[in-house]
Amino acid sequence: MTHSEKRGAWWKEGAIGLGVGVLFGVTNVCVGHPFDTIKTKMQAQKGFDKMNMVGAFRETIRTQGIKGLYRGCVPPLWGSGIYRSSQFAVFEAVYTYLDNPLCRTELPGTFGLQLRVVMGGVMAATARSIIECPLEVAKIRRQTGQTWHFRSLYQGFGVTWIRTVGLMGTYFILVDTQRRHNADLFKSTFVGPFLVSGVSATLAWWLVWPFEYMKSQIQGNYGKNMSTFERMRLTIRERGGFLGLYRGIGPGSIRSFLANGCSMIVMANAQRYVSTLGLR
């Protein structure tokens, strides 16, 4: 549950989630794309794969100018509004629809986490993956100076789904936990939503970052063609251990915290506005 407003019918919550999710998605790209570009170059572009964040930023500005930071932003700009709105629409609809004794069951050892939050997170992640995968392929190819083709738009779907289930499942669980235990944060107009979403999203990204790294390589045609876990083993061996799987975590964390924090401010205030209009 990503808001504390009085809930309407499940289909209404899904429709509202679809609408306010567009605002979340567009804001996310506008704020975070430059950091995403640096992260992708560090992970999946020859010549940048051994640079640190500052070096990659300087080289991008030197060779492409400021516009280079926004290269490849068109697919995610309109696509983010679609797949992020779908994730919130599906989660809110499923969460509300499963308002029954079984799905309100609190999972042991989770301080009140209900089964329907987990189920909603998995279904939301699946919907997002189906829409996001081709957009990510197009974006990454543009960010790394390549062209994309329709036949390859679902390249890396498996690792995209694994990453997204872990990412969105963790995100919704953390946001729901904060809603239940720190309700005053959701009453705030700016600081509360920013911190809840920014911190939750960043922690979730840290959990799934190795899969994000592998996804970038697979969709960016980096290196030889091999399975996700073979790539992981190779990366661990070549980059000096497990922490090698966290390459690009610096710009990725900055992007996540700022973009998801700002996006939640916009979405939370939109949710309140919908309630004042009597649309629930």
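Please read all numbers here as calculations on a predicted model, not as lab measurements. The residues of the chain are indexed from 1 along the displayed sequence. The figures that follow rest on heavy atoms only: side chains count, while hydrogens, waters and symmetry mates do not.
From Y273, atom OH reaches atom CG of L279 across 9.0 Å, with rounding to the nearest 0.5 Å. Rounding to the nearest 0.5 angstrom, the gap separating the CD atom in Q87 from the CD atom in E92 is 11.0 Å. Atom-to-atom distance recorded for N260:CG and M267:CE is 10.0 Å, nearest 0.5 angstrom. Taking CD of Q43 as the start and CD1 of I249 as the end, the distance is 8.5 Å to the nearest 0.5 Å. In this structure, the separation between CG on L258 and CG on N28 is 10.5 Å, given to the nearest 0.5 Å. Separation of atoms CD1 (I265) and CG (L195) is listed at 8.5 Å; rounding is to 0.5 Å.
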Kindly determine whether I218 and T228 satisfy side chain to side chain contact (heavy atoms under 4.5 Å, CB included), including the steps that lead there. CA-CA 8 Å; I218 292 170; T228 298; 3.5 Å; yes
K41/E59 under salt bridge (charged side-chain N to carboxylate O under 4.0 Å, His left out): CA gap, chis, key distance, verdict: CA-CA 10 Å; K41 286 179 176 294; E59 183 64 13; over 6 Å; no
Criterion side chain to side chain contact (heavy atoms under 4.5 Å, CB included) on I140 and S216, from CA distance to verdict: CA-CA 7 Å; I140 289 173; S216 294; 4.3 Å; yes
Salt bridge (charged side-chain N to carboxylate O under 4.0 Å, His left out) for E132 and K215? Distances and angles first, verdict last. CA-CA 12 Å; E132 182 184 22; K215 182 188 77 68; 5.8 Å; no
Apply the test side chain to side chain contact (heavy atoms under 4.5 Å, CB included) to residues Q64 and L69: give CA-CA distance (whole Å), side-chain angles for both, the deciding distance (0.1 Å), then the verdict. CA-CA 8 Å; Q64 301 175 21; L69 296 174; over 6 Å; no
I would like to know whether T147 and R141 meet side chain to side chain contact (heavy atoms under 4.5 Å, CB included); could you show each step before the answer? CA-CA 6 Å; T147 57; R141 298 288 173 83; over 6 Å; no
Does the pair R84 and S80 meet the rule for a side chain to side chain donor-acceptor pair (under 3.5 Å), with working shown? CA-CA 6 Å; R84 284 193 168 92; S80 178; 2.5 Å; yes
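L18 and M168 end up in different hydrophobic clusters when Ile, Leu, Val, Met, Phe, Trp and Tyr side chains are linked at under 4.5 Å. Under the 4.5 Å side-chain contact rule for hydrophobic residues, V22 and I131 do not share a cluster. A continuous path of ILVMFWY side-chain contacts below 4.5 Å connects L174 to V196, so both sit in one hydrophobic cluster. Taking hydrophobic clusters as Ile, Leu, Val, Met, Phe, Trp and Tyr residues chained together by side-chain heavy-atom distances below 4.5 Å, V26 does not share a cluster with Y83. Under a hydrophobic clustering in which Ile, Leu, Val, Met, Phe, Trp and Tyr are joined whenever their side-chain heavy atoms come within less than 4.5 Å, directly or via other members, F229 and Y246 fall into the same cluster.
Checked by atom type and distance alone, the side chain of T160 never pairs as donor or acceptor with a backbone atom of S129 at under 3.5 Å. Side-chain atoms of T105 come within 3.5 Å of backbone N or O of L102 as a donor-acceptor pair. The backbone N or O of G252 lies less than 3.5 Å from no partner atom in the side chain of S256, so there is not a single donor-acceptor pair.
Around CZ of R58, the count of heavy atoms belonging to other residues, nucleotides or ligands within 6.0 Å does not exceed 12. Crowding of R142 atom CZ: a count of heavy atoms from other residues, nucleotides or ligands under 6.0 Å not exceeding 12. Counted within 6.0 Å of OH on Y154, heavy atoms from surrounding residues, nucleotides or ligands total more than 12; the atom is thus considered enclosed. Summarising the local packing, CG of N100 is surrounded by more than 12 heavy atoms from other residues, nucleotides or ligands at distances under 6.0 Å. Few gaps surround CH2 on W209; more than 12 heavy atoms of other groups in view lie less than 6.0 Å from it.
Taking all atoms of both residues into account, the shortest heavy-atom contact from K6 to E13 is O-OE2, 4.2 Å. The two residues L153 and V137 make their nearest non-hydrogen contact at O-CG2, 3.4 Å. Between R231 and M214, the shortest heavy-atom contact is CB-SD, 3.3 Å. Scanning all heavy atoms of the two residues, the minimum distance from M226 to L234 falls at CE-CD2, 3.9 Å. Shortest non-hydrogen contact noted between A204 and L167 is CB-O, 3.5 Å. K139 and G72 make their closest contact through CG-O, 3.4 Å (heavy atoms, listed as atom of the first residue, atom of the second, distance).
In this pair, H33 and Y70 present their aromatic rings parallel. The plane angle is below 30°, not in the 30 to 60° band. Ring-plane geometry between F88 and Y171 is classed as perpendicular, the angle between the planes exceeding 60 degrees on a 0 to 90 degree scale with a lower cut at 30.
The closest side-chain donor-acceptor pair between T164 and R128, if any, does not fall under 3.5 angstrom. Between T27 and S263, the side chains place no donor N or O within less than 3.5 Å of an acceptor N or O (distance only, hydrogens not considered). There is a side-chain donor-acceptor pair under 3.5 Å between N221 and Q155. With 3.5 Å as the limit, one finds a donor-acceptor pair spanning the side chains of S253 and W206.
Side-chain atoms of I38 and M42, non-hydrogen and from C-beta on, do get closer than 4.5 Å to each other. With contacts defined as side-chain heavy-atom distances shorter than 4.5 Å, the pair D49/R239 qualifies. Contact annotation: the side chain of T170 never approaches that of L203 to less than 4.5 Å [non-hydrogen atoms, C-beta and beyond]. Side-chain contact between R163 and W205: present, with at least one pair of heavy atoms (C-beta onward) separated by less than 4.5 Å. Using a 4.5 Å cut-off on side-chain heavy atoms (C-beta onward), Q45 and Y222 make no contact. For the pair T60 and F48, the minimum side-chain heavy-atom distance is below 4.5 Å. The shortest distance between side-chain heavy atoms of F91 and V117 falls below 4.5 Å. Taking the side chain as every heavy atom from C-beta outward, M264 and F24 approach each other to under 4.5 Å.
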